[in-house]
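Remember, it's 1-based here, ligands and their atoms both numbered in the order they're listed. Counting begins at 1 with the first residue of the sequence.
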Amino acid sequence: MWNFLARNKQAAAMLAVLTVAAVVVIFLTTRGSSYSIVENFDVEPNDVSQEPQVFSTYNLPTDDRFMPSVGNGHIATNIFSDTVYMNGVYNGRKGESRRARIPAWANIRLNSTLTHHPYSPVYSLDTRDGVFKVVVNRDRSVVTQRIYAHRYYTRAIINQIEVVPKTRADPNFVHHEIWIAVKLMPGSDSKDIAFVSPTPEVLEGRTVWSACGKTRVSEDPIYQPMPVEVCAYWTSVPDHLVVPHHGKRVFTFVMTADKNETVARQEFIKVLQEDGEELFLKHVEQWHRLYQQAGMEIQGNLYLSKIVNGIWYYYLSSLPSEDTYQPSDRFFGLSPTGLARGGSFEDYEGHNFWDTEMWIFPTILLLYPHYGQKLLQYRLETAFVAAELAKITGNKGYRFPWESAYTGGEVTQPCCPEVAEFEQHVTGCISFAARQYMAVTRDEEWLKHGGCSIVANIAEFWASRAVINYTTGLYDIENVMGPDEDHSNITNSVFTNIVAGYSLYLAQYVSCLCKDYFIAKQPDRWADIAWSLALPYDPVLDYHPQFSGYKRGDTIKQADVVLMGYPLQYPMNASTRANDLSYYERVTRASGPAMTWSMHAIGHLRLEDNHKAALLFNNSYEAYVREPFKIWSEYRRPHVGAVNFLTGMGGFLQALVFGYGGVSVHLDKMMITKPQLPPEATSFKIKGIKYLGADLTLDIGVEGSSLSVTSLDDTWPLIMFNGKYNITLVPGLSVILSGSGPFTIRSLPWKDCKLPADIIGQNYLRPIGL
Ligand SMILES: *[C@@H]1O[C@H](CO)[C@@H](O)[C@H](O)[C@H]1NC(C)=O
Ligand SMILES: *[C@@H]1O[C@H](CO)[C@@H](O)[C@H](O)[C@H]1NC(C)=O
Ligand SMILES: *[C@@H]1O[C@H](CO)[C@@H](O)[C@H](O)[C@H]1NC(C)=O
Ligand SMILES: *[C@@H]1O[C@H](CO)[C@@H](O)[C@H](O)[C@H]1NC(C)=O
Ligand SMILES: *[C@@H]1O[C@H](CO)[C@@H](O)[C@H](O)[C@H]1NC(C)=O
């Protein structure tokens with residue numbers, strides 16, 4: 001991912017010496033837009049709830065970027081914002097495209113929360129029920145507002161206001177009706193969607209409004225000839241809710257939106273017909289079902305467990321519901337700031353980057369493999385555009401764009417052509433995600449319906465990018481940029497070459513798996529190229545220079561070589577790993593994003609330096625999680641950057657699952673190595689690990705760890721090495737893990753195919769780049 005700090009090293013240096021105001025001016029002039037660096041020095045309100053799933057506060061954050069969101073993968077909004085976003089709705093030509101703003105016809109405020117009132121409201125995000133609540137304890141009533149994006153009626157955002165009058169024993173007390181002032185605050189007209197003036201009508205006895213409009217500018221004249229139409233329905237909101245002095249009342253207000261007017265209208269009518277409490281329960285039931293499938297529970301460290309619960313809530317809020325009233329629309333991917341944000345340059349515009357595959361995907365895959373499949377599906381559906389991009393840049397196969405949105409074409413801003421041109425590793429990251437997906441699921445249907453083809457075509461791309469160097473006898477990949485965006489247009493980026501090499505090997509393996517229904521050309525040639533791909537290594541200093549010609553001491557933006565150890569799990573000597581970790585820790589600039597430190601934490605856990613790991617693990621979240629709603633910023637306080645930063649969350653979750661949990665996934669096995677408790681926790685449970693159709697729970701405690709089996713898929717019987725014996729897993733069994741492992745879980749081989757060699761550049765034999 002690029003960002004304003006990375007884009008321009010000079011600017012980054014200036015940042016250090018200039019005042020905030022001066023910096024704002026600089027960026028206003030360079031970008032000529034409303035964009036500016038906004039630091040945040042506010043005191044963040046406390047989360048006063050002791051429940052791990054609930055975040056409560058008496059004060060909202062003064063910076064509304066730290067407000068929480070509600071969403072269901074189709075529609076999402078930041079609480080009390082003037083904006084609703086919808087999956088797959090963008091406005092603007094490529095380079096300018098961003099999520100298209102729909103006015104927030106679901107933003108209803110209780111007046112007692114708008115101006116100063118004697119009743120201090122309590123605001124809570126309940127991640128378990130997927131709802132934001134406002135409770136106002138008034139003289140004569142208790143008012144509770146619930147705001148949620150319905151998880152079954154997915155076109156709908158619901159506001160429910162419950163008024164419970166207080167009863168008075170005093171016989172002289174005169175009971176009056178209770179009046180509660182409310183206000184709908186949808187914000188100004190949308191600049192992105194040309195809504196035709198809203199028209200009123202009466203439906204189900206309610207006055208309602210509707211409006212349809214088209215996005216003003218489509219992304220690309222060829223791939224998107226027509227703008228997208230959006231239709232919305234919403235209930236009108238009176239000035240006051242009037243309640244008799246006895247009995248409680250629930251008022252339900254609804255907004256629906258869809259690309260198809262009939263879908264939006266039918267859903268709206270159906271929701272109006274529902275009983276208010278039933279409607280809410282149907283929503284809650286869907287959230288609970290998601291949490292029954294999987295989850296992570298931490299005891300002994302409330303703060304950590306809240307952060308984890310917040311992350312899963314924000315992740316799932318941007319992923320489509322499984323059980324819905326009307327079929328879900330096509331899914332347009334999980335962007336680094338989720339579905340509730342992305343209308344601005346700062347929030348990465350709702351585009352898709354490598355962040356999805358490399359950072360967000362791995363833990364989702366392990367716990368919710370059907371969502372892993374959804375994330376890959378976005379790439380399969382846009383593969384024909386990737387084929388075109390490879391062609392126009394003179395390559396073969398599929399070249400996925402650095403940033404994509406609606407069409408799957410490149411949509412990087414004109415500001416930053418180098419990231420689009422050089423950060424080609426995104427294509428290798430997609431293949432790496434496919435590898436993990438295959439390892440966890442062995443999904444043959446997926447291979448048949450696009451999987452074989454995407455893996456083979458990504459290999460074709462890398463084969464066409466590798467050029468033989470007659471001096472070294474190795475293949476070079478020139479003119480790339482690794483994850484470290486401070487170094488552009490380089491040769492043999494270690495990270496890029498490894499994902500490229502893995503892509504090539506994977507395609508050889510897949511060509512065997514797929515041979516009954518997919519014919520690959522020369523699969524062994526792919527493996528030959530991978531074997532001879534250059535991999536810079538310095539045998540004297542026993543570390544990996546980031547690319548050929550990297551100048552030792554040069555600062556870098558974020559984890560790059562370090563990703564070799566994890567997530568890429570490239571085999572190397574412990575001394576090399578230790579040297580890479582300590583060297584790159586020193587040269588990574590402080591303004592980089594959170595994910596760097598989560599990968600360093602994993603590295604130190606593997607090297608058994610728990611103290612160092614704990615420090616870096618702390619670094620991976622402490623300065624990035626904003627109170628009270630556990631919103632992640634891209635940069636450390638007081639800097640902000642993109643919010644709500646799902647990518648940083650992804651690194652942190654990986655540090656928990658693959659670092660502390662010790663889990664790792666390989667094409668022929670899953671391993672658990674030295675599982676241990678995260679700092680200060682007394683128990684850490686990863687529930688619902690889905691490996692080859694089985695449902696497993698890893699339970700790490702003070703006394704030791706165990707793996708228990710909830711269910712198994714008969715196709716893939718599992719044998720586990722528990723440290724002493726091989727044990728056949730059966731449902732109901734709980735295996736005590738004695739010693740530190742690795743505890744290996746294997747099944748039968750997947751067809752008679754040789755596993756990828758995954759050795760690149762024979763690096764210990766032929767050091768290059770010196
Ligand atoms: C509620 O608050 C809004 C915004 O401050 C105001 O315009 C409106 O008049 C208030 N309504 C009542 C009934 O006080
Ligand atoms: C081949 O590799 C050598 C050693 O890394 C390098 O100096 C040279 O520039 C490369 N040649 C080409 C044509 O890229
Ligand atoms: C990248 O480097 C090549 C030389 O390898 C050079 O020809 C090209 O102009 C450079 N591109 C940019 C955008 O700097
Ligand atoms: C890495 O380990 C291997 C085998 O243990 C050894 O032969 C080799 O010299 C080591 N390499 C370095 C650079 O220390
Ligand atoms: C994490 O680091 C911060 C300082 O950056 C420190 O205040 C805090 O106590 C640390 N937390 C833990 C659990 O070590």
Legend entry - Atoms of ligand 3 close to N479 [distance to a heavy atom under 4.0 angstrom, numbered from 1]: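 Checking each atom against N479, I get 1 (C), 2 (O), 3 (C), 4 (C), 5 (O).
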Legend entry - Element-labelled atoms of ligand 3 that are located less than 4.0 Å from some non-hydrogen atom of N489: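 Every atom of ligand 3 under 4.0 Å from some heavy atom of N489: 1 (C), 2 (O), 3 (C), 8 (C), 10 (C), 11 (N), 12 (C), 14 (O).
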Legend entry - Option with minimal heavy-atom separation from atom 7 (O) of ligand 1, where the choices are M185, R109, K183: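 Closest candidate by heavy-atom distance is K183.
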Legend entry - Per-atom contacts, ligand 2 versus T472 - under 4.0 Å to a heavy atom: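 Near T472, the atoms of ligand 2 are 2 (O), 4 (C).
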Legend entry - ligand 1 to H240 polar contact by distance, N or O atoms, under 3.5 Å: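 Not met; the criterion fails.
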Inset, instruction - Look up atom 9 (O) of ligand 3 and tell me if a protein heavy atom lies less than 4.0 Å from it? - result: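 Given the 4.0 Å limit, the answer for atom 9 (O) of ligand 3 is no, no protein heavy atom qualifies.
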Legend entry - Is_contact(atom 2 (O) of ligand 1), protein non-hydrogen, under 4.0 Å: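 True for atom 2 (O) of ligand 1.
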Legend entry - Candidates V237, L184, I147, V182 - the one meeting side-chain contact (heavy atoms from CB on, under 4.5 Å) with F253: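 Exactly one option meets the side-chain contact (heavy atoms from CB on, under 4.5 Å) with F253, and it is V237.
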Legend entry - Minimum heavy-atom distance between F80 and N107, given as atom pair plus value: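 Closest heavy-atom pair between F80 and N107: CA-OD1, 3.3 Å.
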Legend entry - Per-atom contacts of ligand 1 with A181, taking only distances under 4.0 Å to non-hydrogen atoms: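 Going through ligand 1 atom by atom, the ones under 4.0 Å from A181 are 12 (C), 13 (C).
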Legend entry - Heteroatom distance test (E478, ligand 2): nitrogen or oxygen, under 3.5 angstrom: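 N/O-N/O distance below 3.5 Å exists for this pair.
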Inset, instruction - Could you tell me whether some N/O pair between T471 and ligand 2 is separated by less than 3.5 angstrom? - result: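 No: no nitrogen or oxygen of T471 is under 3.5 Å from one in ligand 2.
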